[in-house]
Amino acid sequence: MTSRTARAAMGAAAAGESRSAAGRRGARGSGAQGSGARRSGGRRSGARGSGWHAYLFVAPSLFGVLAFLLLPMVIVLVLSLFDWELLSDPQFVGLDNYRRLAGDGQTWHSLWVTVAYVLLCIPLQTVLALALALGLNRRVKGVRIYRSLFVVPWMATPIALGLIWNWIFDPRDGALNSALALIGITGPDWLSDPAWALPAVALVSVWQQTGYNMLFFLAGLQGIPRELHDAAATDGATTAQRFWRVTLPLLNPTMFFVTVTNLIGAFQVFDTVYAMTDGGPGRSTEVINFRIYQTAFKEFDFGYAATLSTVLFLIIFVVTMAQVRFFGKRTTYDLS
């Protein structure tokens with residue numbers, strides 16, 4: 001009886017020590033969790049507190065957008081409501097400049113010339129750029145040299161190119177008519193004939209921009225998984241079918257970027273026209289940007305020039321939104 005009592009007492013003591021140790025471990029764990037929570041809370045608080053550092057990195061770009069993009073747009077929009085000839089005080093005229101635009105035949109002519117220029121440039125340079133990209137998307141000797149050569153025209157300034165192409169299009173001593181004469185063709189007076197002046201200017205722009213656009217199409221082609229072409233070939237698809245059913249749909253993101261940027265650039269063309277034709281002959285190459293330049297810096301009608309700039313912005317915005325809507329339903333960015 002005594003031994004059993006002793007053993008029971010020893011067991012109770014051991015159980016008590018075990019509960020005490022467990023309690024100490026729990027207390028330490030709770031303390032550690034509390035300390036970790038405090039440290040985590042401190043880190044989160046520090047992260048929230050240091051968020052202003054991100055704005056320091058964004059600030060230079062944000063300043064550029066505000067100072068050189070948004071602010072000028074607001075100034076032009078406000079200026080379109082005034083009559084200002086630079087040397088006199090601006091006079092508020094409300095929407096009179098916009099009413100004047102409705103009956104301005106010269107400006108509507110410039111808009112139609114701009115649309116014609118866009119229709120001449122964009123389809124041709126897009127098709128040529130895609131064809132070049134398909135031809136140079138090969139692992140052959142010297143392909144990198146050819147890729148670089150096609151981009152060189154884009155690196156030159158439009159003013160310099162305009163002067164060079166003025167000589168090429170010269171009706172008497174120009175390289176183009178001289179080459180045509182070798183095969184018995186008499187070339188036209190390219191830049192003095194209203195029927196040929198705008199196509200000639202558009203041709204120069206196509207020549208300059210095609211290589212640059214080719215780089216984007218080339219990047220898009222190289223981003224298409226080879227397995228998709230192999231699977232289509234295994235199913236019996238011809239080369240043409242693989243292009244129309246595989247390559248072209250997967251190039252929609254690239255096509256979207258190229259057409260949007262090219263359309264914006266084509267609507268804003270100025271320097272090539274200024275260098276080659278100065279809007280002539282007979283205003284046949286007077287695009288809307290050239291009309292804005294003449295209104296502002298030759299007629300000194302800055303309020304009306306601001307109105308024309310605002311209308312051009314709205315046209316570009318509407319066309320761009322139409323492209324976004326068109327490509328948005330046909331574009332996939334996930335090739336996995």
Side-chain angles (χ1 to χ4, degrees), residues 80 85-86 97-125 153 156-181 185-209 262-316 319:
S80 69
E85 297 179 355
L86 189 63
N97 285 329
Y98 293 92
R99 298 189 187 98
R100 173 184 169 188
L101 172 62
D104 187 356
Q106 187 173 354
T107 297
W108 286 106
H109 168 80
S110 298
L111 284 172
W112 284 116
V113 170
T114 305
V115 171
Y117 173 84
V118 170
L119 294 177
L120 285 171
C121 286
I122 303 304
L124 183 57
Q125 71 186 29
T157 61
I159 296 296
L161 290 179
L163 295 176
I164 295 173
W165 279 93
N166 273 342
W167 169 75
I168 294 175
F169 284 129
D170 187 272
R172 297 176 182 174
D173 304 319
L176 182 55
N177 279 1
S178 297
L180 292 175
I185 298 177
T186 302
D189 193 347
W190 298 96
L191 300 180
S192 299
D193 188 341
W196 287 102
L198 188 64
V201 174
L203 177 64
V204 174
S205 296
V206 169
W207 176 79
Q208 183 182 20
Q209 298 293 330
N262 283 346
L263 271 170
I264 292 174
F267 271 107
Q268 294 178 325
V269 65
F270 169 78
D271 36 19
T272 305
V273 172
Y274 180 80
M276 294 184 64
T277 63
D278 199 32
R283 296 177 44 232
S284 61
T285 60
E286 189 185 80
V287 292
I288 187 62
N289 244 6
F290 192 82
R291 170 69 177 147
I292 293 172
Y293 160 76
Q294 287 186 314
T295 303
F297 298 104
K298 290 189 175 181
E299 301 173 12
F300 297 101
D301 193 350
F302 285 89
Y304 190 55
T307 302
L308 300 183
S309 300
T310 303
V311 170
L312 177 60
F313 167 76
L314 293 176
I315 293 173
I316 294 174
V319 173

Walk me through it: do Leu161 and Trp207 pass the test side-chain contact (heavy atoms from CB on, under 4.5 Å)? CA-CA 10 Å; Leu161 290 179; Trp207 176 79; 3.5 Å; yes
To the nearest 0.5 angstrom, please state how far the OG1 atom of Thr114 sits from the CG atom of Asn289. 7.5 Å
From the options Leu198, Val115, Leu203, select the one residue that forms a side-chain contact (heavy atoms from CB on, under 4.5 Å) with Leu120. Leu198
Report the residues that fulfil side-chain contact (heavy atoms from CB on, under 4.5 Å) with Trp108, sequence neighbours left out, ordered by chain and then residue number. Leu111
Tell me every residue that passes side-chain contact (heavy atoms from CB on, under 4.5 Å) with Tyr98, counting only those two or more places apart in sequence or in another chain. Leu77, Ser80, Leu81, Leu95, Thr307, Thr310, Val311
Distance from Asn262 atom CG to Ser205 atom OG, nearest 0.5 Å? 10.5 Å
Counting only pairs under 3.5 Å, give me each side-chain donor-acceptor contact of residues 171-179, with atom names and distances, residues two or more places apart or in other chains.
| from | atom 1 | to | atom 2 | distance (Å) |
| --- | --- | --- | --- | --- |
| Asn177 | OD1 | Trp190 | NE1 | 2.8 |
| Asn177 | ND2 | Pro171 | O | 3.2 |
| Asn177 | ND2 | Pro188 | O | 3.2 |
| Ser178 | OG | Gly174 | O | 2.7 |

What's the shortest heavy-atom distance between Ala200 and Leu191, and which atoms? CB-CD2, 3.8 Å
Flag side-chain contact, heavy atom, 4.5 Å: Tyr304 against Leu101: yes
To the nearest 0.5 Å, how far apart are CD in Gln106 and OG1 in Thr295? 7.0 Å
When rounded to the nearest 0.5 angstrom, what distance separates CG in Leu86 from CZ in Phe302? 4.5 Å
Should Ile288 and Thr107 count as side-chain neighbours, where that means a heavy-atom distance under 4.5 Å? yes
Does Ile122 offer a backbone N or O that forms a donor-acceptor pair with the side chain of Gln209 under 3.5 Å? no
Let me have the donor-acceptor pairs involving side chains of residues 266-281, under 3.5 Å, with sequence neighbours excluded, atom names and distances please.
| from | atom 1 | to | atom 2 | distance (Å) |
| --- | --- | --- | --- | --- |
| Thr277 | OG1 | Val273 | O | 3.3 |
| Thr277 | OG1 | Gly279 | N | 3.4 |
| Thr277 | OG1 | Thr285 | OG1 | 2.7 |

Could you note down all residue pairs passing salt bridge (Lys or Arg N to Asp or Glu O under 4.0 Å) where residues 297-308 supplies at least one of them, sequence neighbours left out? Arg100-Asp301, Arg291-Glu299
Do Phe290 and Val113 have side-chain heavy atoms sitting under 4.5 Å apart? no
Hey, could you give me each pair passing salt bridge (Lys or Arg N to Asp or Glu O under 4.0 Å) that has a residue in residues 280-289? Not counting sequence neighbours. Arg283-Glu286
